[in-house]
Number of protein chains: 2
Amino acid sequence: MTSAPGSPLTGRARLTDVAALAGVSVGTASKALSGGGRMRPETRQRVLDAVAALGFRPNQQAQSLHTGRSWTVGLVTTDGIGRFSTPVLLGAEDALGAGKISVLMCDTRGDAIREQHHLRTLLDRRVDGIIVTGRRTDARAPLTGVTGLESIPVVYALSPSTDPADTSVVSDDQGGARLAMEHLLATGRTRIAHVTGPEHHAAARDRARHAVAHLQAAPLGLSTGRVHFGEWSEAWGRRAADAVLRTAPDTDAFFCGNDQIARGVADTLRERGVDVPGDIAVVGYDNWDTMALASRPPLTTIDMNLAEIGRIAALRLLEAIDADATPGVHTVPCRLVVREST
Amino acid sequence: MTSAPGSPLTGRARLTDVAALAGVSVGTASKALSGGGRMRPETRQRVLDAVAALGFRPNQQAQSLHTGRSWTVGLVTTDGIGRFSTPVLLGAEDALGAGKISVLMCDTRGDAIREQHHLRTLLDRRVDGIIVTGRRTDARAPLTGVTGLESIPVVYALSPSTDPADTSVVSDDQGGARLAMEHLLATGRTRIAHVTGPEHHAAARDRARHAVAHLQAAPLGLSTGRVHFGEWSEAWGRRAADAVLRTAPDTDAFFCGNDQIARGVADTLRERGVDVPGDIAVVGYDNWDTMALASRPPLTTIDMNLAEIGRIAALRLLEAIDADATPGVHTVPCRLVVREST
């Protein structure tokens with residue numbers, strides 16, 4: 001079925017069509033829809049009836065010129081690969097979409113020039129706010145360098161802003177480390193090695209610090225955790241497990257900074273004839289299903305609830321757009337996922 | 001530094017500011033910027049100078065009302081997890097961003113109601129076009145059910161439309177299977193097993209069919225490939241390798257439907273004391289670095305160039321917006337990535 005452009009039959013009914021059917025002027029139809037202006041209730045009803053009959057959808061661009069809101073939000077990710085930012089992004093998109101807010105997505109790939117370009121584009125499009133996310137939990141410098149930025153709310157998700165006056169939503173690394181240690185202690189483990197990523201990554205440093213602090217505070221009076229910084233890879237997990245078996249053979253558990261390391265540890269233990277979890281328990285971090293489920297045995301791990309971080313960031317942004325910002329760092333709790341490795 | 005809202009110092013200079021600085025009316029300033037209307041070249045230059053001096057950026061919403069274009073494109077992904085759609089999406093975003101087009105991202109999570117909701121939102125926002133992507137290479141039904149859709153171009157990326165009159169950009173599964181088989185034959189392998197995902201997935205079926213066809217056409221006169229359909233998992237790769245070693249011990253190579261399967265195969269071979277690639281070569285599919293690099297040995301694999309699929313889909317969409325659509329299925333070549341497993 002074809003019809004003339006702009007006619008109701010194309011499904012893109014225009015305001016003029018609504019006005020004609022309601023028997024009012026275009027200006028009156030517009031006022032009836034925007035809720036502004038005075039008119040008789042019957043007149044407004046006739047316009048609304050015509051809207052329903054024609055399936056008319058108001059042009060959001062034109063509406064935005066009236067309301068000063070674009071009902072769009074920019075989502076800036078610095079993470080070209082996306083294993084961490086993708087769930088955050090989808091959580092945010094879900095929360096915003098429910099509120100009829102559309103998401104303009106930009107990927108800066110960690111490049112300052114691309115970030116400036118995207119920010120200018122977002123401001124030109126009059127976004128109501130911006131969510132920034134990245135792959136690291138390290139704090140990042142606040143968005144800057146583009147005029148107009150100071151007039152719209154920005155929320156940082158996963159990677160917090162270094163400015164405490166900004167609003168950031170992050171994972172609770174302290175709680176995650178505590179969940180892992182409590183679980184290992186509760187299952188009778190006391191000599192726990194911690195194998196993790198590079199010390200210059202906040203995720204590695206923070207989880208190690210909190211794990212050690214939790215052990216030191218435990219009623220068992222353990223003196224310290226044994227922390228091994230390295231890389232976020234399976235290969236490092238395999239090497240580190242070998243070293244620990246050699247230098248601290250009384251070890252009865254590994255808490256690992258991510259699931260890749262934990263999987264490497266589990267592989268080495270199995271290949272050395274060590275029973276997991278019979279002899280040694282293994283706990284990972286991330287609940288990355290590809291790793292955690294393919295591991296032999298499948299991994300007990302800490303889930304950061306990345307989608308929830310995105311969702312909370314979106315809700316904080318909506319609050320800041322509609323009312324007031326809630327500055328500071330908001331943490332989202334982790335959860336323990338128990339599988340066969342403990 | 002703070003200043004009154006709307007003043008040039010906030011960085012959000014208004015058209016009235018430009019007009020005042022240029023000493024012209026707002027209408028003249030607007031005409032100078034849109035390129036419409038007659039005016040003296042000196043007048044237009046004064047307006048452009050004022051734009052530069054104030055860092056004025058035209059309101060894109062207002063511009064769109066004039067041009068009829070929103071300079072936005074909808075990117076609909078049906079893939080909540082995103083391992084396949086994320087690179088496609090980033091490739092498309094990259095190509096569109098270079099053309100100053102913004103990307104409105106929607107995730108339908110494979111849910112028909114969410115898809116309808118998102119499509120309505122995109123049409124309300126007057127997107128210039130839509131790219132649809134998903135995690136599977138199986139053809140999907142064209143977008144439908146929302147009035148107004150028929151008037152804007154749509155391009156399908158990775159998951160083609162079942163309607164040949166639509167424009168789809170897909171991976172060249174035939175070429176990918178050929179690259180793998182040519183490489184194995186070139187390195188002297190002749191008894192090749194193929195282990196892949198479920199037969200009801202097009203990706204598994206197509207790669208298997210093309211691999212077998214290539215073997216049958218090879219000058220060696222091989223009678224057939226040995227195809228094992230199963231799951232896209234490491235566990236299936238491990239089980240299948242065991243079965244092949246038992247039932248066809250003369251096998252000298254595995255071509256696997258994805259890198260997870262290939263990694264499972266490599267693990268079983270190593271644990272059975274089979275040297276890879278000395279005794280048996282292994283080729284994966286996807287070039288998923290997490291799997292391919294962590295495998296022992298690292299995997300030779302086929303890269304689908306997913307970002308390139310996104311980029312080409314974006315270029316096809318821009319063509320369709322600016323000029324004419326190029327209906328049909330466009331294939332993007334794969335490339336062979338050689339590592340230690342062959």
Side-chain angles (χ1 to χ4, degrees), chain A residues 5 10-13 55 57-62 64-65 70-72 74-75 80-83 86-87 89-90 93-94 97 100 102-107 109 114 117-118 120-126 146-151 233-235 238 260 263-264 267 271 288-291 293-294 296, chain B residues 2 5 10-13 55 57-62 64-65 70-72 74-75 80-83 86-87 89-90 93-94 97 100 102-107 109 114 117-118 120-126 146-151 233-235 260 263-264 267 271 288-291 293-294 296:
Chain A
T10 64
R12 203 32 94 73
R57 290 196 302 270
N59 182 333
Q60 291 223 355
Q61 291 162 356
S64 296
L65 290 177
S70 66
W71 303 94
T72 54
L75 219 156
I81 294 175
R83 183 155 74 80
T86 300
L89 193 148
L90 294 175
E93 189 265 351
D94 193 42
K100 300 201 172 178
S102 290
V103 173
L104 285 165
M105 206 209 62
C106 317
D107 171 28
R109 304 182 185 199
R114 284 181 75 102
H117 165 80
H118 281 304
R120 272 192 297 273
T121 303
L122 291 175
L123 290 168
D124 285 348
R125 292 186 180 280
R126 301 286 195 268
V146 177
T147 49
L149 254 180
E150 63 285 355
S151 58
S233 69
E234 292 182 56
R238 294 196 293 259
Q260 285 166 277
R263 180 168 181 186
D267 275 345
E271 289 166 13
W288 185 15
D289 56 357
T290 304
M291 282 294 142
L293 296 176
R296 290 177 282 170
Chain B
T2 59
T10 64
R12 203 31 94 73
R57 290 197 301 272
N59 183 333
Q60 292 223 355
Q61 291 163 356
S64 296
L65 289 177
S70 65
W71 302 95
T72 54
L75 218 157
I81 294 176
R83 184 157 73 80
T86 300
L89 193 146
L90 294 177
E93 189 265 349
D94 193 42
K100 301 201 173 177
S102 290
V103 173
L104 285 165
M105 206 208 61
C106 317
D107 171 28
R109 302 179 187 204
R114 284 182 73 102
H117 165 80
H118 281 304
R120 271 192 299 272
T121 303
L122 291 175
L123 290 168
D124 286 349
R125 292 188 178 278
R126 302 286 197 267
V146 177
T147 48
L149 254 181
E150 63 284 357
S151 58
S233 69
E234 292 182 55
Q260 285 166 277
R263 180 167 180 186
D267 275 345
E271 289 166 14
W288 185 15
D289 56 356
T290 304
M291 281 296 142
L293 295 176
R296 290 176 281 169

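Sequence lines set the chain letters: A, B, ... in the order given, protein chains first and strands last, and positions in each chain run from 1. Heavy-atom basis, side chains included; hydrogens, waters and symmetry copies ignored.
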Bottom line for A:Ala235: the part with an atom under 4.5 Å from chain B's heavy atoms is neither
When rounded to the nearest 0.5 Å, the distance separating CZ of A:Arg114 from CG of B:Asp94 is 4.5 Å
Shortest non-hydrogen pair, B:Ser70 vs A:Arg125, comes out as O-NH1, 3.0 Å
Counting heavy-atom pairs under 4.5 angstrom with chain A, the leader among B:His118, B:His117, B:Met105, B:Gln260 is B:Met105
If one checks every heavy atom of A:Ser233 against chain B at 4.5 Å, the contacting part turns out to be neither
Rounded to the nearest 0.5 angstrom, the OG1-CG distance for A:Thr86 and B:Leu90 is 7.5 Å
Separation between CD (B:Glu234) and CZ (A:Arg296), nearest 0.5 Å, reads 8.0 Å
Taking every heavy atom of B:Asp107 against every heavy atom of A:Glu93, the minimum-distance pair comes out as N-OE2, 3.1 Å
State, with a plain yes or no, whether a side-chain heavy atom of A:Leu104 is found less than 4.5 Å away from one of B:Val103. no
